[in-house]
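Notes for the one structure printed next.
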Amino acid sequence: MREEGVTTQELRDYRPEQKTWQGRLTFIMAASGSAVGLGNLWKFPYVAGENGGGAFVLVYLACIIFFGIPLLMAEIGIGRSTRKNAYGAFSILAEKTGASKYWRSVGGLAICTSFLILSFYIVVAGWCLYYFYITATGYFNVPSHSLDKNLTGRTFETLLASPTILIISSIAFLGMTYAIVTSGVVKGIEKAINWLMPSMMLILAALIGYSATIGNFDAAVEFLFKPDFSKLTFDSAIIALGHSFFTLSLASASMITYGSYMPGKASIPKTAFAVAGIDTLVALTAGLAIFPLVFQHGLEPGAGPGLMFISLPLIFNDIPYGQLFGSAFFFMMFIAALTSGISLMEPTVAWLEQRFNWTRKKSAALTAFSLWLVSLGTVFSLNIWNSPAFFGKNLFDALDYLTANVFMTLGALATAIFCGYCLKTNQLKLLFGEESLAIPAFRATMKYLVPLFILALALTSI
Ligand code: PHE
């Protein structure tokens, strides 16, 4: 039956030779590997800390439920129904629905976003590798009265001031990401994820158990879950929205690209709920691993980006088995960053492969090399080129702001409008199943809820 220009069967049959993963579980692991990253373990605790704890967490959860999950379903669906990279996926859908071919630029923007994020993500992931190394080799293991905040602060400053260490550590991280991506979707990514995700979860569980036993667990629970609305500002709502996109890896081509490898039969809504559930659980439990120790040591929960690298080493030096706990902690951050890094590299590689018919090896090599070049900008902006040349920010902060706040918000807005106004009902049936009651709700969310909320936030912030 031909309805609104495209039949369900036609789309279902549209399967260019494309590798897909073994089953739904692999997809869930890969997508949650993408979602769970430095955003959960490093950014979420300090952002929640700076924005008043519980009240921020509530707004963040609302953003995940009302905007994050529907958009996640949309992106997985866009990838799976076309089996293409983000640019190709938007091109095909625009053509099939008779929408303007320029919608493909939304896919293009998403690929640029993932590339730019990865260019500074590898630098921060390099910090984790470096901290894993120095913690494991006992650098912080000194008599406790001689380890003070000045020392841990200086250690962090010395790291940022050294282009050599930053370059070596980011190349080490980039090299591992490259090695996995270049080996292929099944032989590289799937295989690596099957090891990395369970290991990360195990370490996290062990850390929470330990931290709950020796730390001030009640204070942490109160801080994270007792809302104090007086601390909630308008700005924190914008931050919560931006972070919910970032943490679910939305508007950055990762979920569309991974969606294109998702097995045909798995349910998209169930899968999206599972991925968002795991991601949120990890963000909250990371808080429960960190804050009990922070409170017990009378440290500041809103210490900002340095929370992880300046405050935590003080604690590791002071608790029993601190060296082991500390190294496990930074190793876990590294694994979480690696599974996200893979998903940030894959969109560009898949695009080069499909667009120019290049081999995976060539596409991955070119992507990795250009990433390295661009990452030097971030490295130098932390030391020899630390100038506020970009609207009062250095390059690192500017890239972070531009991708997480501007590109992702724009991308999410455009994706919502595309799904709400351009996709036909039978294409949505592919997402949700033939008779699903979710279709009208999804359509309304994409048409009105997401655009209005994003526009309102954008206007008020201007
Ligand atoms: N979601 C990842 C994190 O929380 C970051 C990421 C963003 C990964 C966009 C892929 C795409 O760290």
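Keep in mind that what you see is a predicted model, and the values were worked out from it rather than measured. Counting convention: from 1, in listed order, for ligands and their atoms alike.
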Phe246, portion touching ligand 1 at heavy-atom distance under 4.0 Å: both
Ligand 1 versus Ser343: contacting region, heavy-atom distance under 4.0 Å: side chain
Backbone or side-chain N or O of Leu250 under 3.5 Å from ligand 1 N or O: no
Min N/O separation Ala35 to ligand 1 under 3.5 Å: yes
Which residue and heavy atom of the protein sit nearest atom 6 (C) of ligand 1, plus the separation: Ser249 OG, 3.7 Å
For atom 12 (O) of ligand 1, the protein heavy atom that lies nearest, with its residue and separation: Tyr121 OH, 2.6 Å
Within 6.0 Å of CZ in Phe273, more than 12 heavy atoms from elsewhere: no
Winner among Ser252, Ala283, Ala336, Ala31 once heavy atoms are compared against atom 9 (C) of ligand 1: Ser252
Nearest candidate to atom 2 (C) of ligand 1, where distance is taken over non-hydrogen atoms, out of Gly341, Gly39, Ser34, Ala253: Ser34
[X] and [Y]: aromatic ring centres closer than 6.0 Å?
X: Tyr60; Y: Phe44; result: yes
X: Phe331; Y: Phe334; result: yes
X: Phe325; Y: Phe316; result: yes

Ser375 versus Ser170, side-chain donor and acceptor atoms under 3.5 Å: no
Tyr261 side chain to Glu346 side chain, donor-acceptor N/O pair below 3.5 angstrom: yes
Per-atom contacts of ligand 1 with Leu38, taking only distances under 4.0 Å to non-hydrogen atoms: 12 (O)
Residue Asn40 vicinity, atoms of ligand 1 by number, heavy atom under 4.0 Å: 4 (O)
Any Phe44 heavy atom less than 4.0 Å from ligand 1: no
Salt-bridge criterion met for Glu353 and Lys361 (N-O under 4.0 Å): no
Chi angles and distances behind the ring-ring contact (aromatic ring centres under 6.0 Å, His included) call for Trp103, Phe90: CA-CA 6 Å; Trp103 278 106; Phe90 272 97; 7.1 Å; no
